[in-house]
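Structure first, commentary second.
We name chains A, B, ... by the order of the sequence lines, and we start the count at 1 in each one.
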Amino acid sequence: MSVCTVIAGACEGSLACSTCHVIVMDMEYYTKLEDPSDEENDMLDLAFGLTETSRLGCQIIARPELDGIRLAIPAATRNFAVDGYVPKPH
Amino acid sequence: MAIFGAKQVLWRSFTTVASHPLRVCIVGSGPAGFYTAEKILKRHQGSQVDIIDRLPTPYGLVRSGVAPDHPETKNVINQFSRVVQSGRCSFLGNIALGSSISLEELRELYHVVVLAYGAESDRVLGIPGEDLKGIHSAREFVWWYNGHPDGRNLDPDLKSTDTAVILGQGNVALDVARILLRRTSELAATDIASHALTALEQSSIRKVYLVGRRGPVQAACTAKELREVLGIKDLYIHIKEADLKTTPADEEEMKSSRIHKRIYELLSKAATAGPSQPSSGQRELHFVFFRQPDRFLESHDRKGYVSGVHLEKTALKGVGSGKQIAIGTGQFENLSCGIALKSIGYKSVPVDGLPFDNQKGVVPNVKGRVLSDNSGDPTSVENGLYVCGWLKRGPTGIIGTNLYCAEETVASVSEDVEQGVLGAATESNWPKPGREGLLRILEDRKVRVVPFSGWERIDKEEKRLGSLRNKPREKMTTWEELLKAASE
């Protein structure tokens, strides 16, 4: 696994924020992950640039089957939500 | 008196032509302030950042807004304290913008001033009876139970009534409802202010109404908080099934907003789950929809005190782009209560020398660059002056929202630094007095600056006092206590 960036984790993995929001780039890997819990979904509600393959990074536990997974982080300024912003339906 | 080890470390700035460090002053030490500091330090290796706050304690609403029973939300404080511990950023507390130092003076002392002081006032309803006793803003009530020194003397009366009405259904309203209804035995082991715990232990409040002028689809709270309040043990929840009827416009809103769809689903489930009547002595939480306050009612027995809210039924009307607003229908009803809390939104406070949009309650800006007036003309910027957080965007969003807000503001700062537009054009005007200049002025004015080490003393003492009572900390809630502990 090659790691070249540190993802923000304001709540330190306690499911109280969405700053570790990542986008799983390949559907094949997204489906290998366990479904998000209600609590994770509650936090994903608030994530910027939410997509259909969004997850909280702190809830993805590395294991051999996930080798090769590619994750994207939402571009902060491009997806910056201003008041009245309505996220795309998904 | 604040004593500083005057360690002058001059770094070479890698990003600008100047050999003098970029000196930045951030006003406000909440999430907006700290995320801004973090990003400036990252982008400008030679910069020196000072975060000032009018309180002796840092962290803004993380300390005084987040509810005591939400300790994980406060974890972000660890990240913020690391910013100061990096050595290139100072926290300077007990400095009030406007009275200790003026905005004009700060702009002379620093190349960059970022205002991140949030919203310390309230929106008002503007209806008759609003200044009756027993009516408070949720902001004041939250300051009170969180031990903010300016909320210490609120002294809300929780003993003369069994009913509280909260106007608003956002997360702050839910926090207030939850603190009023939770078993105090559960609150006793949190960092709730002890004067509030005592008042809550003696409270006679058993029924709380959360009143919203629109419907369940438009409720402003978010899922985690709603789930939590609905899950309180032994609490009777009441939601009128008739209020859950949706219109095609509502369905459209839910289709385009995952948050609203999930909130509606939670409320629908809660309306039908559970018993239809409260059991004897059970605490009650009522969600009231489609009602807007017309005026507050005055008690006959206690002149000057609130005895209820006169509510008008509303209907929703589409105003384009999927938005619906509440319109009065002319039908009224009364809701009795002995305490009413307005949770309808915070509002920022302007300072001298700062352009301000009174209507929106924010500082006019483009990507965080402060504009000289409200005309919207993006070319008339106030050089070197920026905003971040609620003062920039209005009082909405969560802690994490400020991460992106700070990204945008700091990107503007960096652009301006790189293009050499800060300060005068000539290099000879580049050096700024910064921290040393600020401290000199404050010492002349006999302002007791509280450095981060002063906060660390307060922190240590609060934790020590807390450990005696099985609490993570026992907050000091008066200015005197805080300033004394900071300097001991």
Taking atom [atom1] of [X] and atom [atom2] of [Y], what is their separation to the nearest 0.5 Å?
X: Asn75(B); Y: Cys17(A); atom1: CG; atom2: SG; answer: 9.0 Å
X: Glu228(B); Y: Glu39(A); atom1: CD; atom2: CD; answer: 11.0 Å
X: Met43(A); Y: Ile398(B); atom1: CE; atom2: CD1; answer: 7.0 Å
X: Gln79(B); Y: Cys11(A); atom1: CD; atom2: SG; answer: 10.5 Å
X: Ile399(B); Y: Ser18(A); atom1: CD1; atom2: OG; answer: 11.0 Å

Tell me which of these, Arg227(B), Glu253(B), Glu72(B), Glu225(B), has more heavy-atom pairs under 4.5 Å with chain A than the rest.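 Among Arg227(B), Glu253(B), Glu72(B), Glu225(B), the one with the most close pairs to chain A is Arg227(B).
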For [X], does the [atom1] atom sit with more than 12 other heavy atoms under 6.0 Å from it, leaving out its own atoms?
X: Gln85(B); atom1: CD; value: yes
X: Lys317(B); atom1: NZ; value: no
X: Glu34(A); atom1: CD; value: no

Test side-chain hydrogen bond (donor to acceptor under 3.5 Å, both in side chains), reference Asp45(A), set Arg262(B), Lys261(B), His260(B), output is Arg262(B)
Looking at side-chain heavy atoms only, is the closest gap between Phe48(A) and Thr401(B) below 4.5 Å?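 With C-beta onward as the side chain, the pair touches.
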Pairwise side-chain contact, Asp42(A) with Thr222(B), heavy-atom cut-off 4.5 Å (strictly under):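 The answer is no, as the side chains (C-beta and beyond) never meet within the 4.5 Å cut-off.
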For Lys224(B) versus Leu15(A), what's the shortest heavy-atom pair and its separation?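 So the two residues come closest at CE-O, 3.5 Å.
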Nearest atoms (heavy-atom pairs only) where Ala16(A) meets Thr73(B):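 Here Ala16(A) and Thr73(B) meet closest at CB-OG1, 4.0 Å.
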Exam field: side chain Arg258(B) to backbone Asn41(A), donor-acceptor pair closer than 3.5 Å: yes
